[in-house]
Amino acid sequence: VELVESGGGLVQPGGSLRLSCAASGSAFNIRAMGWYRQAPGKLRELVASVVRGGITDYADSVKGRFTISTDNAKDTVYLQMNSLKPEDTAVYYCYADGIVRYWGQGTQVSVSS
């Protein structure tokens, strides 16, 4: 399975971004997808996840601001990020759980005025 991310960039505080992660290959084996992020000098942390069937989970720091969704026909997972804060600045990594865990290449999100 290959994961290709897009949608990162620079945004002002309070702004929005939408990340996309498209899966290709043996995507039919995927049971769950989600996003982690890693800020400089910090550990990678889980931001949001969704399992096949639609159950979602979010880190407390993003609840009410971020929304994870999927387009099963396109084997794509999205992360809509609203009300962005400087502390959301990080490299965001998409993952997919199939036979093993697959990772995307990462996309930079920077929140700054």
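We use all heavy atoms of the structure for the numbers below, so side chains are in, but hydrogens, waters and symmetry mates are not. Nothing here was measured: the structure is a model prediction, and the numbers come from that model.
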Taking the basic N atoms (NZ, or NE/NH1/NH2) and the acidic carboxylate oxygens, is any pair closer than 4.0 Å for Lys63 and Asp60? yes
Using the side-chain contact (heavy atoms from CB on, under 4.5 Å) rule, take Val50 and Ile55 through it: C-alpha gap first, then chi angles, then the decisive distance, then the call. CA-CA 6 Å; Val50 57; Ile55 297 174; over 6 Å; no
Please check this pair: side chain of Tyr58 against backbone of Ile68, looking for a donor-acceptor N/O pair closer than 3.5 Å. yes
Does any pair with a residue in residues 66-79 pass side-chain hydrogen bond (donor to acceptor under 3.5 Å, both in side chains), and if so which ones, sequence neighbours excluded? none
For Val4 and Gln105 the tightest heavy-atom approach is CA-OE1, 4.0 Å
Flag side-chain contact, heavy atom, 4.5 Å: Ser112 against Leu10: yes
Between Leu19 and Thr107, is a side-chain contact (heavy atoms from CB on, under 4.5 Å) present by the stated rule, with each step listed? CA-CA 8 Å; Leu19 305 182; Thr107 185; 4.0 Å; yes
Smallest heavy-atom separation, Leu3 atom then Met33 atom, equals CD2-CE, 4.2 Å
How long is the span from the CD atom in Gln38 to the CG atom in Leu43, to the nearest 0.5 Å? 7.0 Å
Leu17 reachable from Val91 in the ILVMFWY side-chain graph, under 4.5 Å edges: no
Establish whether Ile30 and Trp103 are linked, either directly or via other cluster members, by ILVMFWY side-chain heavy-atom contacts under 4.5 Å. no
Apply side-chain contact (heavy atoms from CB on, under 4.5 Å) to residues Val47 and Phe66 and explain how you reach the verdict. CA-CA 9 Å; Val47 176; Phe66 291 11; 3.7 Å; yes
Pair up each side-chain donor or acceptor in residues 93-102 with any protein partner under 3.5 Å, not counting sequence neighbours, and list the distances.
residue: Asp97; atom: OD1; partner: Arg101; partner atom: NE; Å: 2.7
residue: Asp97; atom: OD1; partner: Arg101; partner atom: NH2; Å: 3.3
residue: Asp97; atom: OD2; partner: Arg101; partner atom: NH2; Å: 2.9
residue: Arg101; atom: NH1; partner: Tyr36; partner atom: OH; Å: 3.3

Minimum heavy-atom separation for Ala90 and Ala39, please, with both atom names. CB-N, 3.8 Å
Could you check whether Ser110 and Gln108, counting side-chain N and O atoms only, form a donor-acceptor pair closer than 3.5 Å? yes
Say whether, by atom type as modelled, one donor and one acceptor occur between the side chain of Glu5 and the main chain of Gly106 under 3.5 angstrom. yes
Of all heavy-atom pairs between Val1 and Ala23, which one has the smallest distance, and what is that distance? CG1-CB, 4.2 Å
Looking at Val109, Asp88, Val111, which hits side chain to side chain contact (heavy atoms under 4.5 Å, CB included) with Met81? Val109
Could you list all the side-chain hydrogen bond (donor to acceptor under 3.5 Å, both in side chains) pairs where at least one residue sits in residues 42-57, not counting sequence neighbours? Arg37-Glu45
